[in-house]
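The block underneath contains the structure these notes are about, expressed in structure tokens.
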Amino acid sequence: VRARANAGRHGHCIRIDLRVLAHHHGIRACRHRRTGGDAHAVARADLQAQRAAGELLAHQGESHRIVLAQVGVAAGIAIHRAVVERLQRQGVAMTVPTRRLAAARHLWSQPRVHVTVADVMDPPTLARLVAEHDAVVNLVGILHGSEQQFERAHVELPRRIAEACAQAGGRRVVHISALGAAADGPSMYQRSKARGEAVLGQAAQVDSLRLTAPRPSGIFGAEDRFLNLFAGLQKVFPLMPLAAADARFQPVWVRDVVEA
């Protein structure tokens, strides 16, 4: 019923699979049995959500629409879910393009979230998505691959986003970069992230693209594949060999990244 009500408010037509709906209601029934402390934590999170997401777009009286682009990285699932939850509490309508519908099944029954099968690397598809929305949040990133794969994900996609925004007459873009991104960085990851930033930065100077490019360090959260990987290994092995044991990390909590 809530999905239908929100669909009517935003002019969308939603087809609901009753098995999926029942499955998600079962999950929500468990989530709503909270202790008093947890309820206070949720209330605080809601207030923080309103403060953080309320300034993302500044169109008075307009239903904000955001397209979220995401490809799996170490913390990709964690930050993607956190962004969706935060914007959803603020009443923002979102479109989440995915190459595989099953990969976004956790969003199927979410109000204000439209999951669509689309290839964001296809220029006409990307141009249509950007034109239909007020802002773009780019969470696409990879940690491993060839130089061509890094170039495609971290440089070519930002370039195409900039081109689509220019065609649409300017858009707000939040581009998640990375700590240590530099043209002379020691890894292909850092170098390609820096080139992607530069592409969007140049577009922001020339076109009416409004850019924010945070540089978080390693992101941890309930569903990250970074700290959780080591936690899982420690359950199996009594000793953990560490490569570069003197290396320093300053991970950042996924909720702090979303608030920023």
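- Contact annotation: the side chain of N138 approaches that of I161 to within less than 4.5 Å [non-hydrogen atoms, C-beta and beyond].
- For the pair E85 (side chain) and A82 (backbone), a donor-acceptor distance under 3.5 Å is absent.
- Side-chain contact between R210 and R171: absent, with no pair of heavy atoms (C-beta onward) separated by less than 4.5 Å.
- Atom NZ of K193 and atom CZ of R191 lie 15.0 Å apart (nearest 0.5 Å).
- Linking ILVMFWY side-chain heavy atoms closer than 4.5 Å, directly or via other members, places V258 and L139 in a single hydrophobic cluster.
- Under 4.0 Å is where a charged nitrogen must lie from a carboxylate oxygen, and between R160 and E163 no such pair does.
- Atoms CG and CG, on L129 and D119 in that order, are 10.0 Å from each other to the nearest 0.5 Å.
- Considering all non-hydrogen atoms of both residues, A153 and P158 come closest at O-CD, 3.8 Å.
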In sequence, state the C-alpha distance, the side-chain angles, and the governing distance for Y189 and H154, and then conclude on ring-ring contact (aromatic ring centres under 6.0 Å, His included).
CA-CA 8 Å; Y189 175 81; H154 295 168; 5.4 Å; yes

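- Side-chain atoms of M121 and L157, non-hydrogen and from C-beta on, do get closer than 4.5 Å to each other.
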Under the side chain to side chain contact (heavy atoms under 4.5 Å, CB included) rule, what do T116 and T95 come out as? Steps first, then yes or no, please.
CA-CA 7 Å; T116 181; T95 296; 3.7 Å; yes

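- Following chains of ILVMFWY side-chain contacts shorter than 4.5 Å, one can reach V130 starting from L209, so the two form part of one hydrophobic cluster.
- A 4.5 Å side-chain heavy-atom check between V96 and V113 finds at least one atom pair inside the cut-off.
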N/O donor-acceptor pairs under 3.5 Å from side chains in residues 194-207, not counting sequence neighbours:
| from | atom 1 | to | atom 2 | distance (Å) |
| --- | --- | --- | --- | --- |
| R195 | NE | E151 | OE1 | 3.3 |
| R195 | NH2 | E151 | OE1 | 2.8 |
| E197 | OE1 | R215 | NE | 3.4 |
| E197 | OE1 | R215 | NH2 | 3.1 |
| E197 | OE2 | S177 | OG | 2.4 |
| E197 | OE2 | R215 | NE | 2.8 |
| E197 | OE2 | R215 | NH2 | 3.4 |

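- The shortest distance between side-chain heavy atoms of V257 and P214 does not fall below 4.5 Å.
- Taking CD from E147 and CZ from R152, the interatomic distance works out to 15.5 Å, rounded to the nearest 0.5 Å.
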Passes side chain to side chain contact (heavy atoms under 4.5 Å, CB included), H175 versus L211? Steps please.
CA-CA 7 Å; H175 172 75; L211 174 66; 4.1 Å; yes

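- Proximity of a side-chain donor or acceptor of Q88 to a complementary backbone N or O of R112 within less than 3.5 Å is not detected.
- Note that the CD atom of E259 and the CH2 atom of W253 stand 7.5 Å from one another [nearest 0.5 Å].
- For the pair H133 and I66, the minimum side-chain heavy-atom distance is 4.5 Å or more.
- Chaining together hydrophobic side chains whose heavy atoms lie under 4.5 Å apart leaves L179 on its own.
- By the 4.5 Å heavy-atom criterion applied to side chains, R172 and T212 are counted as neighbours.
- Distance check, rounded to the nearest 0.5 Å: CG of L143 to OG of S187 gives 9.5 Å.
- Taking the side-chain contact (heavy atoms from CB on, under 4.5 Å) definition, one finds that N228 meets it with D224, sequence neighbours left out.
- Of the inter-residue distances, the one linking M94 atom CE with L87 atom CG reads 5.5 Å to the nearest 0.5 angstrom.
- If you chain together hydrophobic residues whose side chains sit under 4.5 Å apart, V254 and V174 fall into the same group.
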Check the pair V117, R99 against side chain to side chain contact (heavy atoms under 4.5 Å, CB included), reporting the backbone distance first and the verdict last.
CA-CA 5 Å; V117 176; R99 288 177 295 182; 6.0 Å; no

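- Cluster annotation: V252 is connected to V137 through the hydrophobic network of ILVMFWY side chains, with a link wherever side-chain heavy atoms come within less than 4.5 Å.
- Heavy-atom minimum distance, Q167 versus A127: OE1-CB, 3.6 Å.
- The shortest distance between side-chain heavy atoms of I219 and P251 does not fall below 4.5 Å.
- Remark: the backbone N or O of A135 is not paired with any side-chain donor or acceptor of R65 at under 3.5 angstrom.
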